[in-house]
Amino acid sequence: MTNKVQQCPIWGVEDGLDAIYLPGTGEYQVDNSPRAGGAYIIPQPLVDSDVNYMTVAQKARLTTWLISHRLQGNLQPTITGQVIDSVKDKPALPVHERAERLLRYIAQHIGTVGQTLILGPEDLAAYAWSESTEWHEIVYCFAYLLQVGLARGRIGGDSLYDCEVSVDGYRHIAEQAGNVDSSQAFVAMWFGDSIANAYEDGIEAGIRDAGFSPLRIDRKDHINKIEDEIIAEIRRSRFVVADFSQGDDGARGGVYYEAGFAHGLDLPVIFTCHEKSLKDLHFDTAHYSHIVWADHAELREKLKNRILAVIGQGPIANHPA
C-alpha cells in the first residue's frame, strides 16, 4: 500500500509534485518535484529529524547535490544522513557555476534548438538548477549569461523574455558535460607495497564487481607530465575512489588533492580508509562518510555496495574471481 504525498518533503511545495510514501520502507519516493529539480528518495525519519530544520540555503545546496547526481546518471538519488551532513557544511556554488546550471536548464527546457522561452518567478525548477532561493538571484544569473555571451534574451518586469542558448552557450554545455557514459573509476591512494594487496583484492575487485574499470595512474603507460595525466584521467572518469590509508611517514597529499579536484568537477568521490588510519584523517575530509575497512574482503564488499548505491551498476559485465 502506498500513500499519495501532497508536498515536496524538502521544500513543502505542491506545484508539479508527483510523489508517494511507502509505509513498508518508511521512504518518500518522489518521481518529480520541480522545486527539487526532479526525482529523489528520502527516508521519512530523516525529513523529520534533519530536513525540516535546514535553512533555505542548506536546502538549496541539497537540491544542487540532487541535480549533480542526476547529471551523472543517477536519475533518482537517495538522500542519506551522510548527504545531509555534507551539504550543511558545503559552501554555496560560485556565481558562474549557478549561471551555468541555469543555462543547462534553459537548454533542456527549450527542447528544440532555436526556440525561446519565457521564465518567471513561478518556474520552480529554475530555482533548483541555479541554487537560488529568490527570483532576483535567477535574474542576476541570467544577466551574467547575457554578458558573457552564453545566452540571449531580455530582462523585463517580473520575467525573462525570449530566453535562448547561444552557439557559444551550446558549445560550453558540451564542454562541461559530465562523463555519464564513462566506465572508468579513478583510484587515488598510497602506492606503498604494504597496501598493494588491498588494491588488488579490495579496491580493484570491488570496482569491477560493480561493473566499472579501475585506473591507477602508476599503472598507466604515458609520456606526459604526471600531474597533467592525473587531471586528464580524472576528467575522463565516472567517479573517484580515494583511499586515505597511510603508512608511518604520514598522509598522502596527492590523495587529498585528487579527491578535491574531482569534487570541483562535481564527480562523485567514494572515501575509504583502513581502520588504523581513521584517527589521522585531515579535518577537510573527516566529516565525509568513509568506508572503514579492516581486511580486503570487507573493503571489496563495502566498496561494491557503495558504488551500486551511489552510482549504480556499471556498463562492464563482471566475472568475479
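FYI, the numbering just counts along the sequence from 1.
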Query raised in the report: Is there a side-chain contact between Pro315 and Phe212, using heavy atoms and a 4.5 Å cut-off?
Result: yes
Query raised in the report: Checking Arg61 side chain against Lys88 main chain: does a donor-acceptor pair fall under 3.5 Å?
Result: yes
Query - Joint hydrophobic cluster, Tyr170 plus Leu145, side-chain heavy atoms closer than 4.5 Å - result: yes
Query raised in the report: Is the shortest heavy-atom distance from the side chain of Ser182 to the side chain of Phe239 under 4.5 Å?
Result: no
Query raised in the report: CZ/Arg208 to CD1/Ile307 distance, rounded to the nearest 0.5 angstrom?
Result: 11.5 Å
Query raised in the report: Closest heavy-atom contact between Gly153 and Leu146?
Result: N-CD2, 3.6 Å
Query raised in the report: For the atom pair CD (Gln7) and CG (Leu17), what is the distance rounded to the nearest 0.5 Å?
Result: 8.5 Å
Report task. Look up atom CG in Leu267 and atom CD1 in Ile311, then write down how far apart they are to the nearest 0.5 Å. Result -> 9.0 Å
**Report entry** Ring geometry between Trp293 and His296 (parallel below 30°, tilted from 30 to 60°, perpendicular above 60°)
**Finding:** tilted
Requested in this report: Assess whether atom NZ of Lys90 is packed by more than 12 heavy atoms of other residues, nucleotides or ligands within 6.0 Å.
Outcome: no
Query raised in the report: Can you check whether Ile42 reaches Val30 side chain to side chain, under 4.5 Å on heavy atoms?
Result: no
Query - The single option from Asp201, Asp209, Asn305 passing side chain to side chain contact (heavy atoms under 4.5 Å, CB included) against Arg300 - result: Asp209
Query raised in the report: When hydrophobic residues are tied together by side-chain contacts of less than 4.5 Å, even through go-betweens, does Ile41 share a cluster with Ile84?
Result: no
Query raised in the report: Are side-chain heavy atoms of Pro34 and Asp15 found at a separation under 4.5 Å?
Result: no
Query raised in the report: Would a distance-only check, ignoring hydrogens and angles, find a side-chain to backbone donor-acceptor pair under 3.5 Å from Gln58 to Met54?
Result: no
Query raised in the report: Within a strict 4.5 Å, meaning less than it, do heavy atoms of the Arg98 and Thr64 side chains meet?
Result: no
Query raised in the report: Salt-bridged, Lys4 to Asp18, with N to O below 4.0 Å?
Result: yes
Query raised in the report: Is there side-chain contact between Glu131 and Glu97, with heavy atoms separated by less than 4.5 Å?
Result: no
Query raised in the report: So, the side chain of Ser166 versus the backbone of Leu150: is there a donor-acceptor pair under 3.5 Å, distance only?
Result: yes
Query raised in the report: Quick check: are there more than 12 heavy atoms from other residues, nucleotides or ligands sitting under 6.0 Å from OH of Tyr140?
Result: no
**Report entry** Aromatic ring pairing Phe244/His290, orientation class (parallel under 30°, perpendicular over 60°, tilted between)
**Finding:** perpendicular
Query raised in the report: Which pair of non-hydrogen atoms, one from Thr133 and one from Val56, has the smallest distance, and what is that distance?
Result: CG2-O, 3.8 Å
Query - Beyond-backbone contact of Ser130 with Tyr105, side-chain heavy atoms, under 4.5 angstrom - result: no
Query raised in the report: Do Ile138 and Asp123 touch side chain to side chain, with heavy atoms closer than 4.5 Å?
Result: no
Query raised in the report: Counting N and O atoms only, with roles assigned by atom type, does the side chain of Lys59 sit under 3.5 Å from a partner on the main chain of Ile10, one being a donor and the other an acceptor?
Result: yes
Requested in this report: Determine whether Leu93 and Val269 fall in the same hydrophobic cluster, where Ile, Leu, Val, Met, Phe, Trp and Tyr are linked whenever their side-chain heavy atoms lie under 4.5 Å apart.
Outcome: no
Report task. Would you name the heavy atoms of Ile20 and Val5 that are closest together and state the gap between them? Result -> C-CG2, 3.4 Å
Query raised in the report: Closest heavy-atom contact between Val255 and Ala242?
Result: CG1-CB, 4.0 Å
Query - Polar contact flag, side-chain donor to acceptor under 3.5 angstrom, Trp11-Thr63 - result: yes
Query raised in the report: Does a side chain donor of either Gln184 or Ser237 reach within less than 3.5 Å of an acceptor in the other side chain?
Result: yes
Report summary line: Closest heavy-atom pair, Ser159 versus Ile118, reported as atoms and distance to 0.1 Å, is CB-CG2, 4.1 Å
Requested in this report: Examine the side chains of Ser245 and Asp243 and answer whether a donor and an acceptor come within less than 3.5 Å of each other.
Outcome: yes
Report task. First locate atom OH of Tyr127, then atom CG of Leu102, and finally report the distance between them rounded to the nearest 0.5 Å. Result -> 11.5 Å
Report summary line: Output for pair (Trp135 CH2, Leu119 CG), nearest 0.5 Å, gives 5.5 Å
Query raised in the report: Where do Val187 and Met189 come nearest, in terms of heavy atoms and distance?
Result: CG1-SD, 3.8 Å
Query raised in the report: So how far is it from Leu22 CG to Glu27 CD, rounded to the nearest 0.5 Å?
Result: 6.5 Å
Query raised in the report: Do any N or O atoms from the side chain of Thr116 and from the backbone of Glu164 form a donor-acceptor pair under 3.5 angstrom?
Result: no
Report task. Would you check if there is a donor-acceptor pair between the side chains of Arg101 and Ser68 at a distance under 3.5 Å? Result -> yes
